[in-house]
There are 2 protein chains.
Amino acid sequence: MAIVRKVKPVERFSVTRERILDTAIGLFSTKGYSGATTREIAQQAGVAEVTLFRHFTSKEKLLEAVISHYSAIPGLKSFLPKALEMPYEEALVGMADMFLDTLVQIKDWIRVMHAEVQRSPDKFIAIYHSFLDELLEIFASYFRELQKRGVLRNFDPDLGARVFHSMFYCFFNMEELLGRKKYRPTDRTKAVREFVSLFIRGTLATQG
Amino acid sequence: MAIVRKVKPVERFSVTRERILDTAIGLFSTKGYSGATTREIAQQAGVAEVTLFRHFTSKEKLLEAVISHYSAIPGLKSFLPKALEMPYEEALVGMADMFLDTLVQIKDWIRVMHAEVQRSPDKFIAIYHSFLDELLEIFASYFRELQKRGVLRNFDPDLGARVFHSMFYCFFNMEELLGRKKYRPTDRTKAVREFVSLFIRGTLATQG
DNA sequence: TATCAATGTAAGTAAGTACTTACACATTAA
DNA sequence: TTAATGTGTAAGTACTTACTTACATTGATA
């Protein structure tokens, strides 16, 4: 609290705001919307509870602010042109790694969205799935281009994108969100390589 | 309430218990543990709130009862021997369909577990992942057998099982849990066929 | 007929919740 | 010096929550 006062007053407002948002997303993601209390958020953020309400007026609006503040678009899009100039397998490994890193970064946001979509679907389904569409389109456009070049066979690129997405999202979901890495962790590098290999070559023996 | 009284008194106790459990899992899954209230659960179940506490003593114990009551093991295991006598592609489609049906059946249980693993990991991580291990082992043992027979090439069967699992779990997760089917539904039959095809043949063009 | 088990009704407790109001304090800009 | 801004402290409101207690009611059974 005293800490905040030492900051330039112009920045003070936004610093306080960010501190509250940072604490809020953490508590919302672990305790759920109802389970997280405004008192605890304020305490952990090191501000008075009334300050929280002065910034966000209500708990519900704080949640909305949290969701829109952390829905950063992944830097995956910028990787696409590079990927097109790499060998297929190498590109897939790179995309997978980048994708997993992104997911870990927005872990809490995903957790919150997952819970909120159940609680008030009308409010959050569109937000979440437009985010997802953007992501899937990155993968799909990559596959479409490689199909044009004749590198890939003629599968549905949108469903292909979903398979690629599934493998790594599910890995992230298990290890990070469902705590498998605390239970029986899986070697990420090994998994990525094997997943990519399966995605490229499939499972069948007698080919080529 | 009057309805319950017409039931044989021997059965009455378990009927009431089940009604409460049925309502509880629905409310826990949509509103979260803190968001669901014992009053609402009792009202929706058509019993007095005090009856709920006479059956389960506390809200926390009700949650535990809910989780253990609905963690039914899927009938997938019994499909395995049949699958081994079917053509590979047909078997995979069958397993996928069965898996998706199972997931839809235990949808609420999965939702609750997903939330509770965040809230109190120590209590629920082991439960969830031992359930998952059992599931993955079914897939893995199938792949292992087909590798022995020389039908499949030599990939890691455990990671192969995770890829197979991922494709369909993620489909379920998106469509059912995250409400994509209300936003832009995907044709399940088509998706299953394409996913299986990709899993068998991979994405690469120049093979065979 | 009397007993017992499962339920209901009703009232209440103690604690917590989101949110408000009123006032004081410090820092900066006019 | 004064005014404005962002914050803290403190008290309080109206409501909800999980859970309890005491007593009445029902239906089957012994």
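Labels below follow one simple rule: chain letters A, B, ... track the order of the sequence lines, proteins then strands, and each chain is numbered from 1.
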Using nucleotides 2-4 of chain C, report all nitrogen or oxygen pairs with the protein that are shorter than 3.5 Å.
none

After noting the C-alpha distance and the side-chain angles of A:R201 and A:E89, does the key distance pass the salt bridge (Lys or Arg N to Asp or Glu O under 4.0 Å) rule? CA-CA 10 Å; A:R201 283 174 274 277; A:E89 187 145 16; 3.0 Å; yes
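- Ring centroid separation for the pair B:F13 and B:H55 comes in under the 6.0 Å cut-off.
- Of the residues in residues 24-40 of chain A, A:A36, A:T37, A:T38, A:R39 come within less than 4.0 Å of DNA chain C through at least one heavy atom, sorted by number.
- Relative orientation of the B:H165 and B:Y169 rings is parallel, given thresholds of 30° and 60° on the angle between their planes.
- Ionic pairing of B:D133 and A:R180 is present here: one or more N-O contacts between side-chain nitrogen and carboxylate oxygen are shorter than 4.0 angstrom.
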Under the criterion ring-ring contact (aromatic ring centres under 6.0 Å, His included), I'd like the reasoning laid out for B:F99 against B:F139: C-alpha separation, chi angles, the key distance, then a yes or no. CA-CA 10 Å; B:F99 181 39; B:F139 298 141; 5.4 Å; yes
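- Among C:dA6, D:dT5, C:dG8, the nucleotide with an atom closest to any side-chain atom of B:V50 is C:dG8.
- Regarding A:L52, its CG atom lies at a distance of 11 Å from the P atom of C:dT20, rounded to whole Å.
- Of the candidate nucleotides D:dT9, C:dA6, C:dT9, C:dT9 has the atom nearest to the side chain of B:A48.
- When the side-chain nitrogen and oxygen atoms of A:T51 are compared with OP1 and OP2 of D:dG6, none of them lie within a distance under 4.0 Å.
- Using a 4.0 Å cutoff on non-hydrogen atoms, the parts of residues 54-64 of chain A near DNA chain D are A:R54, A:H55, ordered by number.
- Atoms CZ (A:F53) and P (D:dG6) sit 19 Å apart, rounded to a whole Å.
- Straight-line distance from the CD atom of B:E11 to the P atom of D:dG27: 16 Å, rounded to whole Å.
- Checked for salt-bridge contact, B:E175 and A:R162 meet the test: a charged N lies under 4.0 Å from a carboxylate O.
- Between the CZ atom of B:R19 and the P atom of C:dA6 there is a distance of 17 Å, given to the nearest Å.
- Taking the side chain of B:E49 as heavy atoms from C-beta on, and the options D:dA18, C:dA6, D:dG8, the nearest nucleotide is D:dA18.
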Worked verdict on B:Q118 versus A:T30 for side-chain hydrogen bond (donor to acceptor under 3.5 Å, both in side chains): CA-CA 5 Å; B:Q118 319 298 326; A:T30 54; over 6 Å; no
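- Checked against the 6.0 Å centroid threshold, A:F28 and A:W109 do not count as a close aromatic pair.
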Between A:L146 and A:L84, does a side chain to side chain contact (heavy atoms under 4.5 Å, CB included) hold up when you go through it step by step? CA-CA 8 Å; A:L146 286 199; A:L84 284 166; 4.1 Å; yes
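- Rounded to an integer number of Å, the gap from B:R12 CZ to C:dT7 P is 6 Å.
- Rounded to an integer number of Å, the gap from A:Q43 CD to C:dA18 P is 12 Å.
- Cation-pi geometry between A:R119 and A:Y33 is met: under 6.0 angstrom from the ring centre, within 45 degrees of the axis.
- Here the two rings, on A:F168 and A:F199, have centers that are 6.0 Å apart or farther.
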